[in-house]
Protein chains: 2
Amino acid sequence: MNQAAQIFKALSDETRLRIMGLLLEGELCVCDLMAILELPQSTVSRHLAYLRNAGLVSDRRQGVWMNYRLAAGGSGLRAETIELLRKNLAALPQARTDGQRLRRHLSAKAQAERRAACQGPGGLR
Amino acid sequence: MNQAAQIFKALSDETRLRIMGLLLEGELCVCDLMAILELPQSTVSRHLAYLRNAGLVSDRRQGVWMNYRLAAGGSGLRAETIELLRKNLAALPQARTDGQRLRRHLSAKAQAERRAACQGPGGLR
DNA sequence: TGAATATATCCGTCTATGCGGATATATTAG
DNA sequence: CTAATATATCCGCATAGACGGATATATTCA
């Protein structure tokens, strides 16, 4: 019961709900979330740690980046709660706005990477 | 999103989860919950008020008693969250124990009422 | 009206937690 | 090794909320 309370406590903060809403769309690193949510890095990291402790997200280091994603399936309250979010979160205005910002951010990022790739390592200059 | 956070915040406390678990089995008054949970009346009332503000329970006065029950169906996050609890709470040890205490309490109460009815108003003496 | 009962709210106290700047750590490139 | 970058954690401050005894309110009965 205590663990159940911990799961809900992790979801009882608007910022963490926004993060969950974004992670529903896929894996993201801390700096993506900072950019989309326009929040300081310490705030984003702290909320992610909270979600990780509750078992709702898992992290995966990839070089300098730390990628976060929703905790994998399984069963029980935790998994069903994530499904609940998947069904219900997208309808909320805040989640829609965040989703738009997410897509804009990701495409800008992809374009920047493409530019960098064209110039190549060392670059044209 | 804020409202969603409020729903989860209401469920983020172990005592309130225990109350929700008991109300899943039916309507109860404050004094029933006090007896089953062995908590002071002010604590029980406070938690019930919190759940009511989150829209998770509704109250209904019946004479001196205030009966609480789970908020009626409807749709959306709130209703689906209650369904989530219905599916997952009963499996938890604490909820089982509380359920046993609930049944014991209700049958003792029914028996006391029967006794009172036999003696009738005014009583045998 | 007055007593009894059930409930709601008030109060002071204590802990949990949100915030964001500052600092520490980890990884990569040179 | 050093610099740069991304992230985690620390810190002090402020607020939310849990607790339970005390008090206020509402209802019923005589």
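Every heavy atom of this structure was used, including side-chain atoms; hydrogens, water molecules and symmetry mates were not. Bear in mind the structure is a predicted one, so any value in this text is a computation, not a measurement.
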Length of the [atom1]-[atom2] vector between [X] and [N], whole Å:
X	N	atom1	atom2	result
Tyr68(A)	dA6(D)	OH	C1'	11 Å
Trp65(B)	dA26(D)	CH2	C1'	13 Å
Leu39(A)	dT7(D)	CG	C1'	16 Å
Leu37(A)	dG18(C)	CG	P	15 Å
Gln62(A)	dT28(C)	CD	C1'	14 Å
Arg18(A)	dG18(C)	CZ	P	15 Å
Asn67(B)	dT27(D)	CG	P	14 Å
Asp32(A)	dT5(D)	CG	P	17 Å

Would one find more than 12 heavy atoms of other residues, nucleotides or ligands at under 6.0 Å from atom CD of Gln3(A)?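 Open.
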
Can you check whether Arg78(B) reaches Leu56(B) side chain to side chain, under 4.5 Å on heavy atoms?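 They are in contact (side-chain heavy atoms under 4.5 Å apart), so the answer is yes.
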
Evaluate the side-chain proximity of Leu85(A) to Leu17(A): yes if any heavy-atom separation is below 4.5 Å, no if none is.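 A side-chain contact exists here, since the closest heavy-atom pair is under 4.5 Å.
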
Where each residue is assigned the nucleotide of DNA chain C containing its nearest heavy atom, which of Gly63(A) and Ser42(A) is assigned the position nearer the 5′ end?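 The answer here is Ser42(A).
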
On DNA chain C, does the nearest nucleotide to Pro40(A) precede the nearest nucleotide to Gln41(B) from the 5' side, or the other way round? Give the residue. Gln41(B)

Name of the residue among Leu11(B), Val57(B), Ile7(B), Leu70(B) meeting side chain to side chain contact (heavy atoms under 4.5 Å, CB included) with Ile82(B): Leu70(B)

Using the side-chain heavy atoms of [X], tell me which of these nucleotides is nearest: [options].
X	options	result
Arg61(A)	dA8(C), dT27(C), dC19(D)	dT27(C)
Val30(B)	dT5(C), dA8(D), dA8(C)	dA8(C)
Met66(B)	dA8(C), dA18(D), dT7(D)	dA8(C)
His47(A)	dT5(D), dT7(D), dG18(C)	dG18(C)
Arg46(A)	dT9(C), dG20(C), dA6(C)	dG20(C)

Are the side chain of [X] and the backbone N or O of [Y] linked by a donor-acceptor pair below 3.5 Å?
X	Y	answer
Arg104(B)	Ile36(B)	no
Arg61(A)	Gly63(A)	yes
Arg60(A)	Asn67(A)	no

What N/O pairs connect the protein and nucleotides 15-17 of chain C at under 3.5 Å? Give each pair on its own line.
residue : atom : partner  : partner atom : Å
dT17(C) : OP1  : Tyr50(A) : OH           : 2.9

